[in-house]
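Sequence lines set the chain letters: A, B, ... in the order given, protein chains first and strands last, and positions in each chain run from 1. No hydrogens, no waters, no symmetry mates; every other heavy atom, side chains included, goes into these values.
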2 protein chains.
Amino acid sequence: MSIKQSSIDRIRHVSFFNKCDDSVFKTAVSGAFLQTFPEGTTLLIDGEPVDFLYFVLEGSVELSAGWKSKDTTLAILRPVSTFILAAVVMESDALMSATTLERSEVLMIPGESLRRAMRENAQFSFAVSEELAACYRGLVRAIKNHKLRDSTERLANYLVTQTARQDNAAQITLPHEKRVLAALLGMTPENLSRAFAKLNKQGVSVSGNIVKFDKMDALKRLARPAPTIDNHYKQSEQLDGKASTERQRGGHGTETDAIY
Amino acid sequence: MSIKQSSIDRIRHVSFFNKCDDSVFKTAVSGAFLQTFPEGTTLLIDGEPVDFLYFVLEGSVELSAGWKSKDTTLAILRPVSTFILAAVVMESDALMSATTLERSEVLMIPGESLRRAMRENAQFSFAVSEELAACYRGLVRAIKNHKLRDSTERLANYLVTQTARQDNAAQITLPHEKRVLAALLGMTPENLSRAFAKLNKQGVSVSGNIVKFDKMDALKRLARPAPTIDNHYKQSEQLDGKASTERQRGGHGTETDAIY
DNA sequence: CGTTTAGTTGAGCATGCTCAACGGTCGTGG
DNA sequence: CCACGACCGTTGAGCATGCTCAACTAAACG
């Protein structure tokens, strides 16, 4: 086997693999290999054929797309996430580019292995359908977030989501540089600054990548998080192990960090 | 059987059903029924549980979502299209509302029937995965269309896509009221008017729902349609029957009319 | 004929972007 | 140890895109 057992273990319990038989799993990952890339490596280009399903095991990967000299960030993936599943299932070209934001460990499994496992096993195929459905719904949420909220509201909701993920503390650490966060939220770095400034009234104070919350209720009143847009609702279920497959999922793969 | 054979026939050759066995198909559609709704009927509400997979057989259906008194149109479906597949696969709540735009014939099949067919047959399950992957990719295209293009560019590309669908003629008929088209393209009716006016320079002239093209090359130069955003490229393949599953597909189901 | 509705046009405004200047931090090299 | 440069982040000014509101036209329908 060309990949470390530890890597296998890490994806074994992720999303669509976690309930399949060992034999199906073995088929699906046959020919997989692990690779480490430096920061700024382009793994995938918009419009090019896709031969592998990717898993981010360490580091982070940005998914983006461009047109006519404009560029937009679609998502940022952190461990453990998959990406480009849809293109692999359809055997077609990528619709977005993927670039490492830092030194990253990536597991690549041949598309044909995955498809073979799907064709051979209905349970597994169903699980992949569920994963794709969850990704689809993540995208729908992202579109709604983007079209129905202005930049300040998106930031406010991002912060509320992050507090939910970070133990509901009165203080969180931003997981990205602010420029990256701005891209994620669909705004310029300048406007992110201004959005943070506006949230002062709601008791939000920033220094470096630490954000403190003085008036969480006021922030939530502005953010007005909604179950049909945001995905941090069943947080309490995380503890008892009954979390739905959909929980905390982005639009592109498991454990995706907030979209836009 | 509670539904007319003609309705069955119409979905038998659509997307994920067209290559499955009769027995699988029979399982999938067991308990299905056909219903006709007047204009303005709400079929599905944002946040409510979903029990059926829907097919639009006649008329048209708008998918929309709202938050804090804002509303946005996500897609408009025309025959023959499916919708809400992702929620059915995951047995979860709808993320968008569905409303008839006119008197419409809708076929509803119980979610459990579909899921049972998927669990029993890997081929079928794979086909559903392909459908979901295609829907996902339609949404990615929609997001890119929306974030990378301004309103005039979106209209220009919409028009180019429509000409491709309408025989590449120098004149097309708009399939919707302009207010509906505006919602579809993510702008106000006022701005749609202005966008049409701007396209005068590119030889576009409108009267009623007839749009004529004087300088198709100029329009295309402005629109700059791209294979990774627009989906009218493999048009030629339609004729020889080798059209990819993905062709002319929107983000929410088969035969969806342009998203955004 | 009025009445209604779709569409257009104009004026003013809001959100968000660009460009430019400036401050603060960190790492490097003198 | 300090000086310098590179880079991130912030702030301000001006501009562009798109929205709202209102008036007006034209076609459809009673």
A:Glu58 and its salt bridge (charged side-chain N to carboxylate O under 4.0 Å, His left out) partner, picked from A:Arg103, A:Arg10, A:Arg78: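 Exactly one option meets the salt bridge (charged side-chain N to carboxylate O under 4.0 Å, His left out) with A:Glu58, and it is A:Arg10.
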Would you say a side-chain N or O of B:Asn191 is under 4.0 Å from OP1 or OP2 of D:dG18? no
What's the verdict on side chain to side chain contact (heavy atoms under 4.5 Å, CB included) for A:Leu107 and A:Phe33, showing C-alpha distance, side-chain angles and the deciding distance? CA-CA 6 Å; A:Leu107 179 70; A:Phe33 56 94; 5.8 Å; no
So does A:Glu190 reach the base of C:dC19 with its side chain, donor to acceptor, closer than 3.5 Å? yes
Under 4.5 Å between any side-chain heavy atoms of B:Thr163 and B:Leu159, yes or no? no
Do the non-hydrogen side-chain atoms of A:Thr100 and A:Leu43 ever get within less than 4.5 Å of each other?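 Yes - at least one pair of side-chain heavy atoms lies under 4.5 Å apart.
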What is the distance from [atom1] of [X] to [atom2] of [N], rounded to the nearest Å?
X: B:Lys178; N: D:dA26; atom1: NZ; atom2: P; value: 14 Å
X: A:His176; N: D:dC8; atom1: NE2; atom2: C1'; value: 17 Å
X: A:Ile210; N: D:dG9; atom1: CD1; atom2: C1'; value: 16 Å
X: B:Lys147; N: D:dG18; atom1: NZ; atom2: P; value: 15 Å
X: A:Arg179; N: D:dT10; atom1: CZ; atom2: P; value: 11 Å
X: B:Leu192; N: D:dT20; atom1: CG; atom2: P; value: 15 Å
X: B:Asp71; N: D:dC19; atom1: CG; atom2: P; value: 15 Å
X: A:Lys70; N: C:dC17; atom1: NZ; atom2: C1'; value: 10 Å

Give the nucleotide from the list [options] with an atom nearest to the side chain of [X].
X: A:Thr188; options: C:dG7, D:dT20, C:dT18; result: C:dT18
X: A:Glu177; options: D:dG9, D:dC19, C:dC17; result: D:dG9
X: A:Arg194; options: C:dT18, C:dT8, D:dG9; result: C:dT18

Identify whether the distance between the nearest side-chain nitrogen and carboxylate oxygen of A:Asp150 and A:Lys198 falls below 4.0 Å.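 The answer is no: the pair does not qualify as a salt bridge.
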For a quick check under 3.5 Å, do B:Thr99 and B:Glu62 share a side-chain donor-acceptor pair by atom type? no
I need the minimum non-hydrogen distance between B:Pro225 and B:Arg149, along with the two atoms involved.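 Where B:Pro225 meets B:Arg149 most closely, the heavy atoms are CA-NH2, 4.0 Å.
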Report all interatomic pairs (protein N or O, nucleotide N or O of nucleotides 14-17 of chain D) with separations under 3.5 Å.
none

